[in-house]
Number of protein chains: 2
Amino acid sequence: MQIGVIEVPTRKALLVQKIEEQILSGQLRVGDSLPSERQLQEETHISKTMIHAALVELEQKGFLEITPRRGAVVANYAESGTMETLNARIRLNGGNMTKKQARSFMEARIAIEGTALRLLARQHTDEDLAYLEAIIARADALLERDIPDDNALADTLFCYHRGICLRSGNEFFPLLLNEFRPIIMGFWLRSIAVFGAASNVHLAKRYLELIRAGDAEGAFHRLERSVNEYLSCLNEQ
Amino acid sequence: MQIGVIEVPTRKALLVQKIEEQILSGQLRVGDSLPSERQLQEETHISKTMIHAALVELEQKGFLEITPRRGAVVANYAESGTMETLNARIRLNGGNMTKKQARSFMEARIAIEGTALRLLARQHTDEDLAYLEAIIARADALLERDIPDDNALADTLFCYHRGICLRSGNEFFPLLLNEFRPIIMGFWLRSIAVFGAASNVHLAKRYLELIRAGDAEGAFHRLERSVNEYLSCLNEQ
DNA sequence: TGAGACAGCTGGTCGGCCCAGGTGATGTGA
DNA sequence: TCACATCACCTGGGCCGACCAGCTGTCTCA
C-alpha cells in the first residue's frame with residue numbers, strides 16, 4: 001500500500017473546510033448569519049486576520065455573502081456559486097456526483113466540448129493535429145507500461161480534450177475545462193475503470209480521425225453517443 | 001456627464017494589479033521567481049501581512065504558484081488559468097475584449113445558454129415561467145424610471161439569463177454564468193448602449209414567449225440571431 | 001572527507017491598532 | 001405618548017510589526 005505525501009493543512013484551510021461542511025450538511029442554512037469575526041476568533045482561537053481571510057475565500061467560492069459592517073450570511077450557493085462551489089460539494093460527497101450532477105456534467109460536456117469538436121473539425125491546421133497526436137502518443141506510452149497508472153492516463157485524457165478546446169480557437173473553452181478539472185479527472189478515472197484504459201484511448205483516436213476528415217457532425221455525434229453510453233452504464237448500477 | 005462613485009483603492013489591490021500587469025505585459029515570465037515577501041515589503045513599504053494576502057489572491061487567480069518556505073513563481077496562466085485569469089486580462093485592457101475574445105464569448109454563450117434555452121423550452125413548469133416573469137417585471141420597472149440606471153438593468157438581464165440556466169435543470173450552467181459574470185455584465189452594458197434598453201428587455205420577453213410555446217429550436221435560433229447581430233455590429237466599428 | 005549543527009532564509013500566523021459605517025437603546029422635545 | 005435626534009457599541013476592512021515553524025545552504029569539527 002501507498003501512503004503518499006502527508007501535507008499539514010493550514011488553520012485557514014481547516015476553518016474554510018469546517019464552515020463548508022456546516023453549510024453543505026445543512027447545519028448552516030441559506031440566509032443564516034455567521035457569528036461575527038471577533039466571535040469566531042474567540043471560539044476557534046484563530047487570529048482575526050486568518051478568520052477574515054477564510055471568510056473572504058468562502059465568499060469568493062460563493063458560499064457566503066459578506067456585507068461590510070453587517071456580517072456574513074450563507075449565500076444561495078446554487079444560484080450564486082461558481083464551479084469552486086460545486087467542486088467543494090462533490091469533494092465533500094467523497095468525490096461522487098449525484099445522478100443529476102452527472103447528467104448535468106454530460107450536458108455541459110456536449111455543449112462545450114461538442115462545440116469545440118465541431119469548430120476544430122471544420123477548421124484545423126497540421127499543427128493542431130500534431131498537437132493532439134503528441135498527446136495520444138503519451139497515452140499510448142502509458143498503455144504499454146507494465147504497471148498501469150490510471151491517474152496519469154486520466155490526466156493525459158484531460159489534456160487531450162482540453163487540447164481540442166484549446167485548438168478550437170475559442171479562448172473560453174479551455175479555461176472552462178480548467179475550472180471543471182477536478183470533476184473531469186474523476187469522470188475519466190471512472191470511465192477508465194468501467195470501459196478500460198485501451199477503450200478510452202481508442203475513442204480519443206477516433207475523435208482525431210473525425211477531426212482530420214473534417215466530419216464535424218460525425219465527431220459531435222460520436223461524443224453524444226459515448227456520453228449516452230456512460231450515462232446508461234451509470235443507471236445500471 | 002456622470003463622474004460616479006470614486007473609490008480609494010487599497011494598497012493590497014494596487015499591489016495585486018501591479019504584479020498582474022508585470023505578468024501580463026511579459027516583464028515577469030512564466031517560471032520566474034518573485035522576490036520574497038520581505039523583499040517586497042522593503043520595496044513597497046507595505047506590511048508583510050498585506051504582501052502575503054496579495055500573493056495569495058494572485059495564487060487563487062491562477063497567476064502564481066506559492067510553495068511554503070520556498071517562494072512564489074509565475075504560473076503558466078494560459079494553460080492553468082481559469083475564468084478569473086481571463087477576467088483580470090480583460091480588466092487590464094480597460095474592460096475591452098479583443099475581437100477574438102468577443103467571438104469566443106459569443107460561441108460560449110450559444111453553447112451554454114443555447115443548450116439551456118432548448119432544455120427549458122422542452123420542459124418547464126409554471127413555476128419556472130413565473131420565476132422569469134418576476135425578473136422581467138423588475139426590468140420593466142427599471143425602464144419606466146425617469147433616470148435610467150444601465151448598471152441595474154444589466155444586472156437584471158444577467159439575472160434573467162442566469163435564471164434560464166438555473167431553471168433548465170442543469171446544475172452546471174448557472175455556475176458557469178456566475179464565473180463569467182464580470183464579462184457578461186460588460187456585454188450587457190454594451191448591448192444596452194448599442195441597441196437601447198427597451199430593445200434588450202423586449203428580446204428577453206421574446207425568449208420567454210418561445211419557452212412558453214415550447215419552441216426549443218426557435219428559441220435557440222433567436223439567440224443565434226441576436227449574437228450575430230451583436231457581432232456584426234461590433235465589426236462595423 | 002563526511003556528518004551534523006547552525007544561521008539565515010522562507011511563507012504562515014498572530015493579536016492588536018484605527019477607521020467608517022450600521023444598529024439599537026436612550027433621552028429629549030413636541 | 002410618540003417621533004426624532006443622539007450616542008455608545010458593534011460590525012467588517014485595512015493595516016502593522018512581531019513571532020513561529022520548517023527548509024536549505026554553509027560551516028564546523030571529528
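Rounded to a whole Å, the CG atom of A:Leu58 is 14 Å from the P atom of D:dG12. The nearest whole Å value for the distance from the CG atom in A:Leu64 to the C1' atom in D:dG12 is 13 Å. Summarising the geometry, the separation between CD on A:Glu65 and P on D:dG12 is reported as 14 Å, rounded to the nearest angstrom. Rounded to whole angstrom, the span from the NE2 atom of B:His52 across to the P atom of D:dC19 amounts to 19 Å.
In this structure, B:Gln101 contributes its side chain and B:Thr98 its backbone to a donor-acceptor pair below 3.5 Å.
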Run B:Asn178 and A:Thr82 through side-chain hydrogen bond (donor to acceptor under 3.5 Å, both in side chains) and show every step you take. CA-CA 6 Å; B:Asn178 282 334; A:Thr82 62; over 6 Å; no
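Under the 30°/60° scheme for interplanar angles, the aromatic rings of B:His161 and B:Tyr207 are found to stand perpendicular. The aromatic rings of B:Phe172 and A:Phe180 lie parallel to each other, their planes meeting at an angle below 30°, with 60° marking the opposite boundary.
Checking A:Ala72 against A:Thr49, the closest nucleotide of DNA chain D that is more toward the 5' end is the one next to A:Ala72. Both A:Arg69 and A:Met50 sit near DNA chain C, but only A:Met50 has its closest nucleotide nearer the 5' end.
For the side-chain contact (heavy atoms from CB on, under 4.5 Å) criterion with B:Cys165, the lone passing option out of B:Leu177, B:Asn170, B:Leu119 is B:Leu177.
For B:Gln41, the CD atom is densely surrounded, since the number of other residues' heavy atoms within 6.0 Å is greater than 12.
Within a heavy-atom distance below 4.0 Å of DNA chain D, the residues of residues 30-48 of chain A found are A:Ser36, A:Glu37, A:Arg38, A:Lys48.
In summary, contact between chain B and DNA chain C, defined as any nucleotide atom under 4.0 Å from a heavy atom of the protein, begins and ends at C:dT10 to C:dC14 in the 5' to 3' direction.
Between the NZ atom in B:Lys61 and the CD atom in A:Gln60 there is a gap of 8.5 Å [rounded to 0.5 Å]. Rounding to the nearest 0.5 Å gives a distance of 5.0 Å between NZ of B:Lys48 and CZ of B:Arg38.
Among the protein residues, B:Leu55 comes within range of no part of the nucleic acid, since none of its heavy atoms lies under 4.0 Å from any strand.
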